[in-house]
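So the structure is just underneath, and the comments pick up after that.
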Amino acid sequence: MRISMCAWMLTIAVSAAGASAAELAASRDPAPGLIALEERWVAALQKSDTKTLSALWAQTYVDTDETGHRSDKVEVLRVLKSGALKLRKLELSDMKAYVYGDAAIVTGTSVQDGYFQGQRLASKIVFTDTFVRHGDGWIAVASHRTASQ
């Protein structure tokens with residue numbers, strides 16, 4: 001029942017005078033938008049903003065926490081609504097986005113301070129979040145975290 005400690009979504013504006021729509025679409029680098037989406041995800045986690053998180057995650061979203069426990073979207077949102085997670089600090093770093101057509105992953109590190117059901121969270125994690133293209137943007141389909149030194 002741990003939830004992902006990691007955030008995501010910003011549309012990248014590309015401006016090129018005289019470029020065709022196809023050229024503009026081909027020239028867009030989705031990496032900055034995926035990184036911004038991660039930041040949005042983290043901001044929503046810190047506020048327990050289930051509405052934003054619900055929009056960022058696919059209906060079939062799967063979260064795997066540091067202990068190997070898997071939760072679906074409904075369970076993660078229920079935990080957030082319950083107040084069982086208390087975050088005082090959550091900072092992302094070392095993020096890299098890798099895009100494979102209509103799929104992408106973002107890897108990174110998070111330093112965090114907080115409690116889940118009265119137990120202290122791991123102070124540092126590494127994560128991998130998986131996204132698929134959804135309309136003009138991206139939606140998260142899976143997240144996996146591992147405690148780190």
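As a basis for the values below, the full set of heavy atoms in this structure was taken, side chains included, without hydrogen atoms, waters or symmetry mates. Here, residue 1 is the first one in the sequence, and each next residue gets the next number. As the structure is a prediction and not an experimental result, all values here were calculated from the model.
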Could you walk me through whether Lys73 and Gln59 pass the side chain to side chain donor-acceptor pair (under 3.5 Å) check?
-> CA-CA 7 Å; Lys73 179 179 179 174; Gln59 283 304 114; 2.9 Å; yes

What salt bridge (charged side-chain N to carboxylate O under 4.0 Å, His left out) pairs are there with at least one residue in residues 79-99, not counting sequence neighbours?
-> Arg88-Asp113

Nearest 0.5 Å, what's the OG-CG distance between Ser48 and Leu87?
-> 7.0 Å

pair Arg40-Thr52: side-chain heavy atoms closer than 4.5 Å = yes

How long is the span from the CD1 atom in Ile125 to the OG1 atom in Thr109, to the nearest 0.5 Å?
-> 8.5 Å

Between atom CG of Leu92 and atom OG of Ser110, what is the distance when rounded to the nearest 0.5 Å?
-> 5.0 Å

Side chains of Phe131 and Val106: does their closest heavy-atom pair fall under 4.5 Å?
-> yes

Carefully, step by step, assess Leu56 and Trp138 under the rule side chain to side chain contact (heavy atoms under 4.5 Å, CB included).
-> CA-CA 8 Å; Leu56 296 175; Trp138 297 88; over 6 Å; no

Val62 versus Val141: any side-chain heavy-atom pair under 4.5 Å?
-> no

Once you round to the nearest 0.5 Å, how far does OG of Ser143 lie from OH of Tyr61?
-> 4.0 Å

Atom OG of Ser82 and atom CD of Gln117: how far apart are they, to the nearest 0.5 Å?
-> 7.0 Å

Any side-chain heavy-atom pair of Thr107 and Thr128 under 4.5 Å | yes

Treating Ile, Leu, Val, Met, Phe, Trp and Tyr as nodes and any side-chain heavy-atom pair under 4.5 angstrom as an edge, say whether Leu45 and Val111 lie in one connected cluster.
-> no

Would you call Asp65 and Ser71 a side-chain contact if the rule is heavy atoms closer than 4.5 Å?
-> no

Evaluate side chain to side chain contact (heavy atoms under 4.5 Å, CB included) for Val132 paired with Asp102, printing each intermediate quantity in order.
-> CA-CA 6 Å; Val132 294; Asp102 288 339; 5.9 Å; no

Interatomic spacing from CD in Glu66 to CZ in Phe127 - rounded to 0.5 Å | 12.0 Å

Hey, are the side chains of Leu85 and Leu80 touching, using non-hydrogen atoms and a 4.5 Å cut-off?
-> yes

Heavy-atom side-chain proximity of Leu34 to Val99 below 4.5 angstrom = yes

Per the side-chain hydrogen bond (donor to acceptor under 3.5 Å, both in side chains) rule, which among His144, Arg70, His69, Arg145 passes with Asp63?
-> Arg145

